[in-house]
Amino acid sequence: MSKIQLFNTIAKQKQQLIPINDKKVTLYVCGPTVYNRAHIGNARPEVVFDTLFRLLRSVYGDDHVIFARNITDIDDKINAAALEAGVDISVITEKYTNIYRADMALLGVLPKTLEPKVTEHVDEIIALIIKLEKDNHAYETADGVYFHVPSMANYGRLSRRKLEDMQAGARVEIDENKRNSADFALWKKAKPNEPSWDSPWGKGRPGWHIECSAMIEKSLGLTIDIHGGGHDLIFPHHENEIAQSECAHNGVPLANIWMHNGMLNFGNDKMSKSLGNVLGIDGLAEKWPAEALRLSLLSAHYRAPLDWTDDLISQNVKTLDRAYRAMDEIWDNTIEPILPNSIIEVLCDDLNTPQALAELSTLVRNANKAKTSDQKAIALAELLGAGQLLGILQLEPKQWFANQIGQKDDGLTAHIDALVKERVEVRAAKNWARADEIRDELAALCVDVKDGPEGSTWRFVV
RNA sequence: GGCCUCAUGGCGGAGUGGUGACGCAGCGGAUUGCAAAUCCGUGUACCCCAGUUCGAUUCUGGGUGAGGCCUCCA
C-alpha cells in the first residue's frame, strides 16, 4: 500500500498519514455558508480535497474513506439575505445549497460521503456547550455563552499564537460581556425577530466555530485523520474548533493532520464584492470549459498561492486539448482505466499535482507514440486512469471537441462533411488552390482538417 | 506590532548538497502538395550579502521584496 505524506500545519512538516482505522479513513473539510453563489476561490479547497479524496479512495478503497463537508445554514449573512428577500432562511439556504452542489459537480467534484448541516445538529451543539460550561471552559453572559480561552493551557498550537501577543495587537473593540478579548461565542442569544432555536440559555443560535466540533464528533468520532480548509481558516476558526473539541474531550486531539490550501490571487486586487471582481463559478463556466477551471486550480501546488488569470485558464485549455487529441486518436470505449503508478506516487507526496501534470504529459506523449494495438490500449487506459485520479479527462474526446464551440446541429456537421469530401476530391485532382480555400472555410467554422494517407479527418478546435 | 508563507528561464510551475522537471511561447529538423497535428532536438533561470561545505539554487544567519492571517473572507 502506498504511503501518503501530507504537510501537517500543526507540525509544520510533512508527515506520513497513518489512519486510525484504515477501513474508515476520515476527512473533514470546512464548507460554505449558503447565502449566495460560490466564487472560484471557494472552489480551490473543494477541488484540492476532492483530489485527495480520489487518492485516498484509490489507496484505501472506495468504501473505506469517509469525506464530510459541512453546509453552514445558520448565519448572520443568511439572516440578512432572508430578511431582505422577505422569506424564511430555509428558502435561501436550500437555494444556494443546490447551486453550490451543482457548481461543484461542474468542476468534477465527487459527492461527499456526508454533508452535515448546522440546523440538523443544534441538539449536539447544545450538548457540547453544556459540557464546556460544566467544566468551566465556558460562561454565560447577557448576550450569549462564550468559550473562555485562558481556560485552555495550550491554546494557540495550530496558529502559533500567544494569548498575550494577540491582546497586544488586538484591534477588536472591547466587549464588556467577555472576560477576555480572545473569548469567542459558542451561543448567541436571539435578538427580537431573529431566527432562533431553544436552548438552556433561552432562544438563540450557535456561534461560528462550534458547529464543526459538534458535527465531527457526531459523524466521524472524537479524532479524525485529516481536517482541511483554506489557509485563512487557521485562525481563528480551526484554532477555536480545536479549543472547543479538545476541552470537551479531555484533550483528545480533534485531528491528526491539518491541511490548508493557499489563497487565490486576482491581480493586485483582492477579490471582494465592493470591487465588483468576484468571479462566480457559473460565470467562468460560461466562458471556459469547467474542466479547465479544475485543472487550473490543480496547476500549482495546493499550499502555494495561485494567481488566477485568463492566461492560466487558457493554458490549461490547451493542455486538455492536447490530451483529448491524443485520446481521440486511439479511442476505444471498451478500455477500462488503469491508475498509473507514476501519478499515484507523486500525489502521495503531499498531493504534488504539478508533478502529476508532468507525468500526465509523459502519458500523452506515450499515447501519441503508440504503434501497436497493445501499446494504444495501455496508453489510453493510463490516460483514463490519470484523469480519474485528477478528476479530468472524463469526457469522450468527441464530446470535448464538440463542447469547444457549443452544441452542434446536424446541418452544420453535414455541411462540414460535404466540404471535407469535396476537398478530398480536389486534392486527388491536385487542385491545391481550391483545397486551401476549403481549408480556410473550414477554419472559419473552427474546424481543423488533417490530411493523411488514408484520407482526411476533421475535428473542432478552440 | 505579532504569527505564517513565498522569492526558479519570456510566461506558468516542480524539484534537488554536485549534469536545474514539465507545460506554453521561441528556434532547428522529420513528416506534409502547403499546412495543422505529431515526433525528435534545442537556447535562456534558481532575489541580494555572509557562513557551513571539496562543492549551495538547495542548509544556517542577515537583508530586500511579495502575499496571507491577527476583522464569523476558502
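Residue numbers start from 1 in every chain, and the chains themselves are labelled A, B, ... in the order their sequence lines are given, proteins ahead of strands. Excluded from the calculations below are hydrogen atoms, water molecules and symmetry mates; all remaining heavy atoms, backbone and side chain alike, are included.
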Could you tell me whether A:T362 contacts a base, only the sugar-phosphate backbone, or nothing, with contacts defined as non-hydrogen atoms closer than 4.0 Å?
-> nothing
Which part of the nucleic acid, if any, lies within contact of A:L264, taking any heavy atom under 4.0 Å across all strands shown: a base, the sugar-phosphate backbone alone, or nothing?
-> base
With rounding to whole Å, what would you report as the distance between B:G18 and B:A56 at their C1' atoms?
-> 9 Å
Atom CE of A:M263 and atom C1' of B:C69: how far apart are they, to the nearest Å?
-> 9 Å
B:G23 and B:A37, which share atom name P, separated by this distance in whole Å = 15 Å
Please state the C1' separation for the pair B:G2 and B:C47 - nearest whole angstrom.
-> 26 Å
Among B:C69, B:A74, B:C22, which nucleotide sits nearest the side chain of A:N261?
-> B:A74
Which of A:R303, A:Q5, A:K14, A:Q15 passes side-chain hydrogen bond (donor to acceptor under 3.5 Å, both in side chains) with A:D350? It is A:R303
Aromatic centroids of A:H238 and A:H209 separated by under 6.0 Å | no
By nearest nucleotide on RNA chain B, pick out whichever of A:S361 and A:P305 is the more 5' one.
-> A:P305
Just how far is it from atom CD1 of A:I313 to atom CG of A:L284, taken to the nearest 0.5 Å?
-> 5.5 Å
Using atom C1' of each nucleotide, how far apart are B:G43 and B:G20 to the nearest Å?
-> 14 Å
Among B:C24, B:A21, B:C3, the nucleotide that comes nearest once only the side chain of A:A358 is considered | B:A21
Heavy atoms under 4.0 Å, any strand shown: does A:L233 hit a base, just sugar-phosphate, or nothing?
-> sugar-phosphate
Ignoring hydrogens and angles, state whether a donor on the side chain of A:Y146 or A:N180 is under 3.5 Å from an acceptor on the partner side chain.
-> no
Under-4.0 Å side-chain N/O to phosphate OP1/OP2 contact, A:N316 with B:G23 = no
If each of A:Y302 and A:G207 is mapped to the nucleotide of RNA chain B with the nearest heavy atom, which maps nearer the 5' terminus, i.e. the 5' end?
-> A:Y302
Scan nucleotides 33-40 of chain B nucleotide by nucleotide, 5' to 3', and note B when protein non-hydrogen atoms come under 4.0 Å of the base, S if they reach only the sugar-phosphate, - if neither.
-> BBBBSSSS
What integer distance in Å separates A:H237:NE2 from B:G68:P?
-> 21 Å
Distance under 6.0 Å and angle within 45° of ring axis: A:R179 vs A:Y139 = yes
Using a cut-off of 4.0 Å on non-hydrogen atoms, how would the nucleic acid contact of A:K430 be classed: base, sugar-phosphate, or nothing?
-> nothing
Among B:A25, B:G67, B:A74, the nucleotide that comes nearest once only the side chain of A:K318 is considered | B:A25
Nucleotide B:A66, atom C1' - distance to CG of A:L306 in whole Å = 15 Å
A:L293 CG to B:A74 C1', straight-line distance once rounded to whole Å = 16 Å
If you measure from the C1' atom in B:G68 to the same atom in B:C59, how many Å do you get, rounded?
-> 26 Å
Taking atom C1' in both B:G63 and B:U71, compute the distance separating them and give it to the nearest angstrom.
-> 32 Å
Cation-pi check, A:R37 onto A:Y96 ring (under 6.0 Å, within 45° of axis) = no
To the nearest Å, how far apart are A:L312 CG and B:G10 C1'?
-> 17 Å
Starting from the C-alpha separation in whole Å, work towards a yes-or-no answer on side chain to side chain donor-acceptor pair (under 3.5 Å) for A:T72 and A:N70.
-> CA-CA 6 Å; A:T72 296; A:N70 67 299; 3.1 Å; yes
Would you please say whether a donor-acceptor pair under 3.5 Å links the side chains of A:T33 and A:D75?
-> no
Applying the Watson-Crick and G-U criteria (both distances under 3.5 angstrom) with [ ] for crossing and | for other-strand pairs, one obtains for RNA chain B (((((((..(((.....[...))).(((((.......)))))....(((((..]....))))))))))))....
Figure out the CH2/C1' separation between A:W308 and B:C11, and round it to whole Å.
-> 17 Å
Supply the atom-to-atom distance A:R427 CZ to A:D436 CG, rounded to the nearest 0.5 angstrom.
-> 9.0 Å
Do A:W458 and A:D417 have side-chain N/O donor and acceptor atoms under 3.5 Å apart?
-> yes
Same-atom distance (C1') from B:U31 to B:A36, integer angstrom = 12 Å
Using a strict cut-off of less than 4.0 Å between a Lys/Arg side-chain nitrogen and an Asp/Glu carboxylate oxygen, indicate whether A:E46 and A:K112 qualify as a salt bridge.
-> yes
From NE2 of A:H301 across to C1' of B:A7 the rounded distance in Å is 16 Å
How far does the P atom of B:U38 sit from the matching atom of B:G55, given to the nearest Å?
-> 46 Å
Length of the CG-C1' vector between A:D311 and B:G12, whole Å = 8 Å
Listed nucleotide nearest any side-chain atom of A:H39, set B:A74, B:G12, B:G13 | B:A74
